Enquirer: 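Let me give you the structure first, and then I'll get to my questions.
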Amino acid sequence: MKELIDKLYENNSLTKDELLFLLNNSKEADIVYLQHKATETRKTHYGSKVFMRGLIEFSNFCARDCIYCGIRKSNKSAERYRLSKEQILECCQIGHDLGYKTYVLQGGEDPYYTDEKIVDLIKTIKSTYPECAITLSIGEKTYESYKKFYDAGADRYLLRHETNSKHLYETLHPDMSYENRIRCLNDLKKIGFQVGAGFMVGLPGQTNEDFADDLLYLKELEPEMVGIGPFISQKDTPLSNEKSGTAHMTCILLSIIRLLLPKVLLPATTALGSIDKKGRELGLKSGANVVMPNLSPTNVRDKYALYDGKICTGDEAAHCRNCIEGRIRSVGFEVDMSRGDHTDYNK
Ligand code: SAM
(Lines give C-alpha, C1' and ligand atoms only; values in the text may rest on other atoms or scores of the structure.)
Protein backbone atom coordinates (compact mmCIF):
# COMPACT_ATOMS: atom_id res chain seq x y z
CA MET A 1 0.00 0.00 0.00
CA LYS A 2 2.86 2.35 0.82
CA GLU A 3 4.25 1.88 -2.70
CA LEU A 4 0.88 2.70 -4.21
CA ILE A 5 0.62 5.90 -2.13
CA ASP A 6 4.19 6.82 -3.14
CA LYS A 7 3.23 6.28 -6.77
CA LEU A 8 0.21 8.55 -6.34
CA TYR A 9 2.41 11.16 -4.65
CA GLU A 10 5.02 11.07 -7.42
CA ASN A 11 2.84 10.71 -10.54
CA ASN A 12 -0.36 12.42 -9.34
CA SER A 13 -2.40 9.69 -10.93
CA LEU A 14 -3.56 6.10 -10.43
CA THR A 15 -5.67 3.73 -12.50
CA LYS A 16 -9.22 2.91 -11.49
CA ASP A 17 -8.11 -0.50 -10.18
CA GLU A 18 -5.38 1.10 -8.11
CA LEU A 19 -7.75 3.70 -6.67
CA LEU A 20 -10.22 0.96 -5.81
CA PHE A 21 -7.49 -1.10 -4.17
CA LEU A 22 -6.51 1.93 -2.08
CA LEU A 23 -10.10 2.64 -1.07
CA ASN A 24 -10.92 -1.00 -0.30
CA ASN A 25 -7.82 -2.05 1.57
CA SER A 26 -6.29 0.92 3.43
CA LYS A 27 -5.57 0.21 7.09
CA GLU A 28 -5.22 2.96 9.70
CA ALA A 29 -1.42 3.21 9.21
CA ASP A 30 -1.89 3.57 5.43
CA ILE A 31 -4.34 6.40 5.95
CA VAL A 32 -1.89 8.20 8.25
CA TYR A 33 0.75 7.85 5.53
CA LEU A 34 -1.68 9.07 2.84
CA GLN A 35 -2.48 12.17 4.93
CA HIS A 36 1.21 12.76 5.50
CA LYS A 37 1.91 12.73 1.74
CA ALA A 38 -1.12 14.95 1.05
CA THR A 39 0.16 17.43 3.64
CA GLU A 40 3.60 17.44 2.04
CA THR A 41 2.03 18.18 -1.36
CA ARG A 42 -0.16 20.96 0.03
CA LYS A 43 2.88 22.53 1.73
CA THR A 44 4.85 22.48 -1.54
CA HIS A 45 2.23 24.58 -3.29
CA TYR A 46 0.55 26.62 -0.55
CA GLY A 47 2.81 26.43 2.53
CA SER A 48 0.73 26.60 5.69
CA LYS A 49 -1.74 29.18 4.31
CA VAL A 50 -5.48 28.67 4.48
CA PHE A 51 -7.57 30.91 2.22
CA MET A 52 -10.78 32.43 3.58
CA ARG A 53 -13.92 32.90 1.46
CA GLY A 54 -16.95 34.83 2.68
CA LEU A 55 -20.07 32.80 1.95
CA ILE A 56 -23.35 34.60 1.28
CA GLU A 57 -26.33 32.24 1.05
CA PHE A 58 -28.61 34.70 -0.68
CA SER A 59 -31.72 32.66 -1.50
CA ASN A 60 -33.18 29.32 -0.50
CA PHE A 61 -35.88 29.34 -3.18
CA CYS A 62 -35.13 26.50 -5.56
CA ALA A 63 -36.74 25.19 -8.72
CA ARG A 64 -34.96 21.82 -8.34
CA ASP A 65 -35.98 18.79 -6.33
CA CYS A 66 -32.70 17.06 -5.40
CA ILE A 67 -33.90 14.37 -3.02
CA TYR A 68 -31.14 14.87 -0.43
CA CYS A 69 -31.48 18.64 -0.11
CA GLY A 70 -33.43 20.54 2.55
CA ILE A 71 -34.22 23.44 0.21
CA ARG A 72 -35.68 21.24 -2.55
CA LYS A 73 -38.83 22.71 -4.06
CA SER A 74 -41.10 19.98 -2.66
CA ASN A 75 -40.08 20.69 0.92
CA LYS A 76 -43.13 22.55 2.13
CA SER A 77 -41.62 22.90 5.62
CA ALA A 78 -38.74 25.03 4.37
CA GLU A 79 -39.18 28.65 5.40
CA ARG A 80 -38.20 30.50 2.23
CA TYR A 81 -36.15 33.71 2.13
CA ARG A 82 -34.38 35.77 -0.45
CA LEU A 83 -31.88 38.56 0.27
CA SER A 84 -32.35 41.78 -1.70
CA LYS A 85 -29.49 43.34 -3.64
CA GLU A 86 -29.08 45.86 -0.81
CA GLN A 87 -28.90 43.10 1.81
CA ILE A 88 -26.29 41.22 -0.24
CA LEU A 89 -24.24 44.40 -0.52
CA GLU A 90 -24.45 44.87 3.26
CA CYS A 91 -23.01 41.34 3.67
CA CYS A 92 -20.20 42.29 1.29
CA GLN A 93 -19.45 45.45 3.29
CA ILE A 94 -19.29 43.44 6.51
CA GLY A 95 -16.99 40.97 4.72
CA HIS A 96 -14.86 43.79 3.39
CA ASP A 97 -14.49 45.26 6.90
CA LEU A 98 -13.40 41.83 8.16
CA GLY A 99 -10.77 41.61 5.41
CA TYR A 100 -12.38 39.15 2.99
CA LYS A 101 -11.33 39.33 -0.67
CA THR A 102 -13.61 36.61 -2.00
CA TYR A 103 -17.39 36.57 -1.91
CA VAL A 104 -19.13 33.30 -2.65
CA LEU A 105 -22.72 33.95 -3.73
CA GLN A 106 -24.64 30.72 -3.28
CA GLY A 107 -28.31 29.96 -3.61
CA GLY A 108 -30.97 27.61 -4.83
CA GLU A 109 -31.97 27.95 -8.48
CA ASP A 110 -34.22 30.92 -7.81
CA PRO A 111 -36.10 32.25 -10.89
CA TYR A 112 -36.43 35.69 -9.23
CA TYR A 113 -32.69 36.14 -9.70
CA THR A 114 -32.69 36.45 -13.49
CA ASP A 115 -29.45 36.72 -15.47
CA GLU A 116 -29.92 40.49 -15.61
CA LYS A 117 -30.21 40.75 -11.81
CA ILE A 118 -27.14 38.54 -11.32
CA VAL A 119 -25.14 40.57 -13.86
CA ASP A 120 -26.15 43.80 -12.12
CA LEU A 121 -25.14 42.32 -8.75
CA ILE A 122 -21.74 41.21 -10.04
CA LYS A 123 -21.05 44.60 -11.61
CA THR A 124 -22.06 46.49 -8.46
CA ILE A 125 -19.93 44.30 -6.18
CA LYS A 126 -16.95 44.52 -8.54
CA SER A 127 -17.14 48.28 -8.86
CA THR A 128 -17.47 48.71 -5.08
CA TYR A 129 -14.68 46.24 -4.21
CA PRO A 130 -12.45 46.07 -7.31
CA GLU A 131 -9.85 43.96 -5.54
CA CYS A 132 -12.26 41.15 -4.70
CA ALA A 133 -13.01 37.86 -6.43
CA ILE A 134 -16.60 36.73 -6.97
CA THR A 135 -17.52 33.08 -6.89
CA LEU A 136 -20.98 32.07 -8.05
CA SER A 137 -22.76 28.90 -6.99
CA ILE A 138 -26.24 29.14 -8.46
CA GLY A 139 -26.64 25.92 -10.36
CA GLU A 140 -27.23 24.89 -13.95
CA LYS A 141 -27.52 27.60 -16.62
CA THR A 142 -26.99 27.90 -20.36
CA TYR A 143 -23.60 28.68 -21.91
CA GLU A 144 -24.92 32.16 -22.74
CA SER A 145 -25.88 32.87 -19.13
CA TYR A 146 -22.53 31.69 -17.80
CA LYS A 147 -20.77 33.86 -20.39
CA LYS A 148 -22.76 36.93 -19.30
CA PHE A 149 -21.75 36.33 -15.67
CA TYR A 150 -18.10 35.94 -16.65
CA ASP A 151 -18.13 39.06 -18.82
CA ALA A 152 -19.73 41.00 -15.95
CA GLY A 153 -16.73 40.13 -13.77
CA ALA A 154 -17.45 36.84 -11.98
CA ASP A 155 -14.20 34.93 -11.47
CA ARG A 156 -15.14 31.49 -10.22
CA TYR A 157 -18.06 29.07 -10.34
CA LEU A 158 -18.84 26.20 -8.00
CA LEU A 159 -20.98 23.42 -9.40
CA ARG A 160 -20.41 20.06 -7.79
CA HIS A 161 -20.93 17.19 -10.19
CA GLU A 162 -22.40 15.48 -7.07
CA THR A 163 -21.60 11.95 -8.30
CA ASN A 164 -20.09 10.64 -11.50
CA SER A 165 -22.44 7.67 -11.55
CA LYS A 166 -25.11 8.51 -14.11
CA HIS A 167 -27.48 6.03 -12.48
CA LEU A 168 -27.00 7.42 -8.96
CA TYR A 169 -27.10 11.01 -10.28
CA GLU A 170 -30.46 10.48 -11.91
CA THR A 171 -31.90 8.66 -8.88
CA LEU A 172 -31.01 11.64 -6.71
CA HIS A 173 -32.05 14.38 -9.12
CA PRO A 174 -35.55 13.98 -10.56
CA ASP A 175 -35.97 15.90 -13.82
CA MET A 176 -32.24 16.57 -14.17
CA SER A 177 -29.68 14.82 -16.33
CA TYR A 178 -26.12 13.79 -15.63
CA GLU A 179 -25.18 14.89 -19.16
CA ASN A 180 -26.40 18.44 -18.56
CA ARG A 181 -24.45 18.70 -15.31
CA ILE A 182 -21.26 17.70 -17.15
CA ARG A 183 -22.13 20.05 -20.04
CA CYS A 184 -22.36 22.92 -17.54
CA LEU A 185 -18.93 22.13 -16.09
CA ASN A 186 -17.40 21.93 -19.57
CA ASP A 187 -18.98 25.25 -20.54
CA LEU A 188 -17.70 26.93 -17.39
CA LYS A 189 -14.18 25.71 -18.13
CA LYS A 190 -14.39 26.77 -21.76
CA ILE A 191 -15.51 30.29 -20.79
CA GLY A 192 -12.53 30.73 -18.47
CA PHE A 193 -13.95 30.53 -14.95
CA GLN A 194 -11.93 28.98 -12.17
CA VAL A 195 -14.21 26.00 -11.77
CA GLY A 196 -15.14 23.97 -8.72
CA ALA A 197 -16.54 20.47 -9.12
CA GLY A 198 -17.02 17.94 -6.34
CA PHE A 199 -19.24 15.34 -4.78
CA MET A 200 -20.99 14.18 -1.64
CA VAL A 201 -19.59 11.35 0.43
CA GLY A 202 -21.79 8.61 1.86
CA LEU A 203 -24.89 8.94 -0.29
CA PRO A 204 -27.27 6.00 -0.02
CA GLY A 205 -26.15 3.33 -2.48
CA GLN A 206 -22.76 4.97 -3.18
CA THR A 207 -19.84 2.52 -3.46
CA ASN A 208 -16.06 2.76 -3.49
CA GLU A 209 -16.26 2.14 -7.21
CA ASP A 210 -18.38 5.30 -7.52
CA PHE A 211 -15.69 7.19 -5.58
CA ALA A 212 -13.00 5.85 -7.92
CA ASP A 213 -15.07 7.15 -10.86
CA ASP A 214 -15.52 10.53 -9.13
CA LEU A 215 -11.77 10.78 -8.60
CA LEU A 216 -11.00 9.89 -12.22
CA TYR A 217 -13.54 12.41 -13.42
CA LEU A 218 -11.89 15.14 -11.33
CA LYS A 219 -8.50 14.18 -12.70
CA GLU A 220 -9.84 14.45 -16.25
CA LEU A 221 -11.68 17.76 -15.72
CA GLU A 222 -8.83 19.36 -13.76
CA PRO A 223 -10.97 21.87 -11.90
CA GLU A 224 -9.26 24.67 -9.97
CA MET A 225 -11.40 23.88 -6.90
CA VAL A 226 -12.96 20.73 -5.54
CA GLY A 227 -15.70 20.78 -2.91
CA ILE A 228 -16.46 17.54 -1.16
CA GLY A 229 -18.38 16.93 2.03
CA PRO A 230 -20.33 14.21 3.76
CA PHE A 231 -23.94 13.69 2.76
CA ILE A 232 -25.97 14.56 5.88
CA SER A 233 -29.60 13.58 6.08
CA GLN A 234 -32.25 16.29 6.39
CA LYS A 235 -35.46 15.57 8.27
CA ASP A 236 -37.92 16.84 5.64
CA THR A 237 -36.45 15.05 2.61
CA PRO A 238 -37.05 11.57 1.17
CA LEU A 239 -33.61 10.59 2.53
CA SER A 240 -34.43 11.62 6.11
CA ASN A 241 -33.89 8.12 7.52
CA GLU A 242 -30.69 7.37 5.65
CA LYS A 243 -27.30 7.15 7.32
CA SER A 244 -25.04 10.16 6.79
CA GLY A 245 -21.51 10.03 5.40
CA THR A 246 -18.49 10.17 7.73
CA ALA A 247 -15.67 12.62 8.38
CA HIS A 248 -13.24 9.69 8.17
CA MET A 249 -14.13 8.76 4.57
CA THR A 250 -14.33 12.43 3.55
CA CYS A 251 -10.79 13.02 4.85
CA ILE A 252 -9.41 9.97 3.01
CA LEU A 253 -10.91 11.33 -0.21
CA LEU A 254 -9.57 14.85 0.49
CA SER A 255 -6.05 13.39 0.74
CA ILE A 256 -6.41 11.46 -2.49
CA ILE A 257 -7.74 14.56 -4.27
CA ARG A 258 -4.80 16.64 -3.01
CA LEU A 259 -2.43 14.03 -4.48
CA LEU A 260 -4.30 13.72 -7.79
CA LEU A 261 -4.55 17.52 -8.26
CA PRO A 262 -1.63 18.95 -6.25
CA LYS A 263 -2.46 22.65 -6.75
CA VAL A 264 -6.21 22.38 -6.31
CA LEU A 265 -8.07 24.75 -3.95
CA LEU A 266 -9.70 22.36 -1.54
CA PRO A 267 -12.13 23.52 1.16
CA ALA A 268 -12.63 21.94 4.54
CA THR A 269 -16.40 22.30 4.22
CA THR A 270 -19.14 23.32 6.62
CA ALA A 271 -20.72 19.87 6.17
CA LEU A 272 -17.44 18.29 7.35
CA GLY A 273 -17.48 20.61 10.37
CA SER A 274 -21.11 19.70 11.00
CA ILE A 275 -20.68 15.90 10.98
CA ASP A 276 -17.70 16.13 13.37
CA LYS A 277 -16.87 18.95 15.81
CA LYS A 278 -13.26 18.90 14.64
CA GLY A 279 -14.13 18.09 11.02
CA ARG A 280 -12.64 21.21 9.46
CA GLU A 281 -9.39 20.78 11.41
CA LEU A 282 -9.25 17.14 10.28
CA GLY A 283 -9.89 18.30 6.70
CA LEU A 284 -6.99 20.75 6.87
CA LYS A 285 -4.75 18.00 8.19
CA SER A 286 -5.79 15.81 5.25
CA GLY A 287 -4.83 18.24 2.48
CA ALA A 288 -7.52 20.96 2.45
CA ASN A 289 -6.43 24.62 2.22
CA VAL A 290 -9.63 26.71 2.07
CA VAL A 291 -12.46 27.54 4.51
CA MET A 292 -15.70 29.36 3.79
CA PRO A 293 -17.05 31.18 6.85
CA ASN A 294 -20.58 32.51 6.62
CA LEU A 295 -21.39 36.19 5.94
CA SER A 296 -25.17 35.74 5.63
CA PRO A 297 -27.33 37.73 8.09
CA THR A 298 -27.98 35.69 11.26
CA ASN A 299 -31.77 35.94 10.87
CA VAL A 300 -31.70 33.78 7.71
CA ARG A 301 -28.84 31.41 8.54
CA ASP A 302 -30.94 28.56 9.91
CA LYS A 303 -33.27 28.74 6.89
CA TYR A 304 -30.50 27.66 4.50
CA ALA A 305 -30.96 24.20 5.98
CA LEU A 306 -29.51 21.86 3.37
CA TYR A 307 -29.01 19.21 6.06
CA ASP A 308 -29.66 18.74 9.79
CA GLY A 309 -27.19 19.91 12.42
CA LYS A 310 -25.54 22.61 10.29
CA ILE A 311 -23.01 24.54 12.38
CA CYS A 312 -22.64 28.32 12.84
CA THR A 313 -26.32 29.09 12.19
CA GLY A 314 -26.55 31.61 15.05
CA ASP A 315 -23.18 33.31 14.80
CA GLU A 316 -22.36 36.79 13.57
CA ALA A 317 -19.89 37.07 10.67
CA ALA A 318 -17.18 38.49 12.95
CA HIS A 319 -17.63 35.63 15.38
CA CYS A 320 -17.33 33.08 12.53
CA ARG A 321 -14.16 34.69 11.29
CA ASN A 322 -12.54 34.64 14.76
CA CYS A 323 -13.71 31.12 15.49
CA ILE A 324 -12.35 29.69 12.26
CA GLU A 325 -9.12 31.61 12.65
CA GLY A 326 -8.62 29.97 16.06
CA ARG A 327 -9.32 26.55 14.58
CA ILE A 328 -6.89 27.12 11.71
CA ARG A 329 -4.14 28.19 14.12
CA SER A 330 -4.85 25.28 16.47
CA VAL A 331 -3.65 22.83 13.82
CA GLY A 332 -0.55 24.83 12.88
CA PHE A 333 -1.86 26.71 9.83
CA GLU A 334 -2.07 30.45 9.16
CA VAL A 335 -4.97 32.50 7.81
CA ASP A 336 -4.46 34.09 4.39
CA MET A 337 -6.93 36.87 3.53
CA SER A 338 -5.76 37.41 -0.07
CA ARG A 339 -7.97 36.50 -3.06
CA GLY A 340 -6.40 33.07 -3.07
CA ASP A 341 -6.55 32.29 -6.76
CA HIS A 342 -5.37 28.98 -8.16
CA THR A 343 -1.61 29.24 -8.67
CA ASP A 344 -1.92 28.76 -12.47
CA TYR A 345 -4.67 31.34 -12.93
CA ASN A 346 -4.45 34.67 -14.75
CA LYS A 347 -7.65 36.45 -15.74
N1 SAM B 1 -28.03 25.25 -6.42
C2 SAM B 1 -26.60 25.27 -6.51
C3 SAM B 1 -26.06 23.99 -7.11
O4 SAM B 1 -26.83 23.12 -7.48
O5 SAM B 1 -24.85 23.88 -7.27
C6 SAM B 1 -25.92 25.59 -5.20
C7 SAM B 1 -26.63 25.30 -3.93
S8 SAM B 1 -26.60 23.60 -3.48
C9 SAM B 1 -27.69 23.62 -2.10
C10 SAM B 1 -24.97 23.45 -2.78
C11 SAM B 1 -24.49 22.06 -2.43
O12 SAM B 1 -25.10 21.61 -1.24
C13 SAM B 1 -24.77 20.97 -3.41
O14 SAM B 1 -23.82 20.96 -4.44
C15 SAM B 1 -24.77 19.70 -2.55
O16 SAM B 1 -23.59 18.92 -2.76
C17 SAM B 1 -24.82 20.24 -1.12
N18 SAM B 1 -25.89 19.60 -0.34
C19 SAM B 1 -27.22 19.70 -0.54
N20 SAM B 1 -27.88 18.90 0.32
C21 SAM B 1 -26.95 18.29 1.09
C22 SAM B 1 -27.01 17.33 2.14
N23 SAM B 1 -28.16 16.84 2.56
N24 SAM B 1 -25.84 16.93 2.70
C25 SAM B 1 -24.68 17.44 2.29
N26 SAM B 1 -24.55 18.33 1.29
C27 SAM B 1 -25.68 18.75 0.69
Side-chain angles (χ1 to χ4, degrees), residues 53 55-75 78 80-82 104-113 118 135-141 145-146 149 156-164 168-169 172-178 180-185 187-188 193 195-204 206 214 218 223 225-247 249-250 253 267-276 279 283 292 294 296 300-301 303-311:
R53 322 293 197 200
L55 176 64
I56 305 170
E57 295 162 334
F58 69 95
S59 170
N60 74 351
F61 283 87
C62 194
R64 303 291 188 178
D65 224 9
C66 313
I67 68 170
Y68 47 79
C69 186
I71 63 168
R72 65 198 300 264
K73 75 168 173 206
S74 297
N75 182 7
R80 304 287 167 177
Y81 75 92
R82 171 186 297 127
V104 181
L105 300 177
Q106 190 180 90
E109 292 194 22
D110 179 356
Y112 169 85
Y113 268 105
I118 296 289
T135 306
L136 296 177
S137 177
I138 52 175
E140 296 184 15
K141 309 275 173 187
S145 300
Y146 288 144
F149 303 156
R156 310 177 185 142
Y157 205 104
L158 301 178
L159 186 81
R160 291 183 175 181
H161 64 281
E162 311 294 4
T163 167
N164 197 43
L168 186 56
Y169 186 91
L172 298 169
H173 304 97
D175 308 324
M176 292 169 80
S177 82
Y178 166 78
N180 197 50
R181 197 75 175 176
I182 302 300
R183 190 271 306 155
C184 288
L185 284 161
D187 284 354
L188 290 164
F193 281 101
V195 173
F199 56 94
M200 272 175 287
V201 178
L203 290 161
Q206 196 175 31
D214 284 318
L218 290 174
M225 306 166 282
V226 171
I228 71 164
F231 154 72
I232 305 177
S233 60
Q234 204 279 352
K235 62 182 178 13
D236 304 310
T237 64
L239 301 186
S240 58
N241 293 321
E242 296 291 341
K243 256 178 76 184
S244 297
T246 64
M249 193 62 197
T250 306
L253 289 159
T269 56
T270 306
L272 183 54
S274 299
I275 202 76
D276 185 308
M292 295 165 67
N294 211 311
S296 312
V300 301
R301 290 270 184 99
K303 301 188 179 73
Y304 200 78
L306 310 182
Y307 46 82
D308 293 338
K310 191 171 170 219
I311 50 170

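Numbering of ligands and ligand atoms starts at 1, following listing order. None of the values given here were measured: they were computed from a predicted structure.
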Enquirer: What is the nearest protein non-hydrogen atom to atom 14 (O) of ligand 1, stated with its residue, atom name and distance?
Expert: E162 OE2, 2.6 Å
Enquirer: Evaluating non-hydrogen atoms only, which member of Y307, F199, Y68 is closest to atom 19 (C) of ligand 1?
Expert: Y68
Enquirer: What about the rings of F149 and F193, do their centers lie closer together than 6.0 Å?
Expert: no
Enquirer: Tell me whether the centres of the aromatic rings in F61 and Y112 are closer together than 6.0 Å.
Expert: no
Enquirer: Testing the basics here: between P230 and A271, what is the closest heavy-atom pair and its distance to 0.1 Å?
Expert: CG-O, 3.6 Å
Enquirer: At their closest point, which heavy atom of R301 faces which heavy atom of K310, and how far apart are they?
Expert: O-NZ, 4.4 Å
Enquirer: Just going by heavy-atom distances, which of A271, G107, S233, A197 is nearest to atom 1 (N) of ligand 1?
Expert: G107
Enquirer: Check whether any protein heavy atom sits under 4.0 Å from atom 9 (C) of ligand 1.
Expert: yes
Enquirer: Under 4.0 Å, heavy-atom basis, I'd like to know which part of E140 is in contact with ligand 1: side chain, backbone, both or neither.
Expert: neither
Enquirer: To the nearest 0.1 Å, how far is atom 5 (O) of ligand 1 from its closest protein heavy atom, and which atom is that?
Expert: R181 NH2, 3.5 Å
Enquirer: Of all the heavy atoms in Q234, does at least one lie under 4.0 Å from an atom in ligand 1?
Expert: no
Enquirer: What protein heavy atom sits nearest atom 22 (C) of ligand 1, and how far off is it?
Expert: I232 O, 3.5 Å
Enquirer: Can Y157 be said to touch ligand 1, with heavy atoms closer than 4.0 Å?
Expert: no
Enquirer: Would you say C66 touches ligand 1, if touching means a heavy atom closer than 4.0 Å?
Expert: no
